[in-house]
Amino acid sequence: MKVAIGQRPHDGPWGGGNQFLSSLVAGLTRAGHEVVFDMAQLGIDLALLVDPRPRLPNVTFAASDIWKYRRRHPRLIAVHRVNECDARKGTYTMDLRLACANRVADHTVFISHWLLTLPIWRHMPSDATSVIENGADASIFRPRSRSDANGGMPLRLVTHHWGAHANKGGEIYAALAAMAERPDWSRRFTFTYVGNPPKNVPLRGARIVAPLSGEGLGAELRAHDAYVTGSLNEPAGMHHIEAALSGLPILFRRSGALPEYCEGYGTGFWGLRDLESALDAFLRRLETHRAALAEYPHTAERMVARYIRLFEDLVDRRDALIAARRPALSAAVTTRALELI
């Protein structure tokens with residue numbers, strides 16, 4: 001099977017989406033499938049649309065390219081992976097871009113059930129959609145091999161983000177940094193922020209570490225005892241998965257898809273109003289959460305296996321999928337619309 005992927009993976013700390021790409025490319029290659037990153041080749045069986053914005057420098061093809069290719073080679077199967085939404089960053093055009101680009105898809109993969117519930121997708125036929133949760137590399141993100149000699153007090157709390165948008169949880173991290181300087185809390189926890197801090201967010205009481213990736217990030221996470229994520233409307237993310245696989249119980253915001261990935265492996269909170277009480281409860285339940293993490297399921301191996309099974313099944317059912325395709329707009333109208341988004 002020849003698979004075209006519409007985005008190339010990069011080396012270094014490029015965020016969760018890049019980790020997905022690296023894992024998928026490696027998994028497809030190990031399974032004996034050919035991976036390409038453009039639509040200029042013959043014999044492509046399946047194209048994976050990763051991002052609907054063709055002008056981004058790391059996007060190698062967009063929905064319009066799939067449409068043009070399929071006009072000449074109608075047996076191409078197109079899969080659209082949805083990992084974004086307007087709610088994530090308070091934008092106004094992302095949902096529309098995704099919905100328009102989705103016109104070329106024979107099947108759509110959502111990275112969380114929460115994304116699938118958004119109004120823009122409520123009329124999607126269930127047999128044309130899947131939810132495949134994100135997974136991180138368990139060989140890199142792994143628990144400490146021995147117990148913490150200092151007994152875990154004060155608790156070493158950490159978070160990490162590549163993106164610096166305020167919705168990543170800036171006000172939560174500012175509150176934790178301030179708490180870490182107060183006498184009543186400083187004896188109970190310290191706070192580390194790894195990555196690009198949100199702009200104009202005071203983090204004086206936090207230890208700041210430059211963005212890391214791979215083994216360096218894994219080692220930094222293992223140097224801590226627990227994790228916090230304050231993201232709003234997170235479609236899924238990778239940061240909390242990397243933490244959980246590293247053996248860190250998670251203090252997580254009850255927003256977006258975070259409960260899907262974190263429930264049972266930590267303590268949830270709603271926002272600033274219950275942050276302190278949630279942290280207090282979290283500290284008391286820490287060992288219970290830590291024990292549960294031994295069964296945390298969201299590995300890259302599991303994720304990639306599910307994508308490969310889906311791709312192989314879709315190619316096997318190619319004739320039925322082609323027959324069921326939605327009526328398209330005229331070629332000129334469709335191509336122009338997709339180019340504009």
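Shown are His240, His239, Arg253; of these, the side chain to side chain donor-acceptor pair (under 3.5 Å) with Thr229 is made only by His239.
Neither Ile322 nor Val3 shares a network with the other; the hydrophobic side chains, linked directly or stepwise wherever heavy atoms of I, L, V, M, F, W or Y lie under 4.5 Å apart, form separate groups for each. Placement of Val104 and Leu56 in two distinct hydrophobic clusters is found when ILVMFWY residues are connected by side-chain heavy-atom separations under 4.5 Å, directly or transitively.
In this structure a side-chain-to-backbone donor-acceptor pair under 3.5 Å is present from Thr60 to Phe37.
More than 12 heavy atoms of other residues, nucleotides or ligands sit less than 6.0 Å from atom CG of Asp313.
Minimum interatomic distance between Ala177 and Phe191 (heavy atoms only, all atoms of both residues): N-CD2, 4.0 Å.
A cation-pi geometry, defined here as NZ or CZ lying under 6.0 Å from the six-membered ring centre and within 45° of its normal, does not hold between Arg306 and Phe311.
Side-chain contact check for Phe141 versus Arg222: every heavy-atom pair is 4.5 Å or farther apart.
Taking the six-membered ring for Trp and the full ring otherwise, the centers of Tyr227 and Phe282 sit at least 6.0 Å from each other.
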Apply side chain to side chain donor-acceptor pair (under 3.5 Å) to the pair Trp114 and Glu234, showing each step before the final yes or no. CA-CA 9 Å; Trp114 176 78; Glu234 182 68 66; over 6 Å; no
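In this structure, Tyr307 and Phe20 have tilted ring planes: the angle between them lies in the 30° to 60° band.
In this structure, the side chain to side chain contact (heavy atoms under 4.5 Å, CB included) partners of Thr192, at least two apart in sequence or on a different chain, are Val158, Val194, Arg207, Val209, Glu220, His224.
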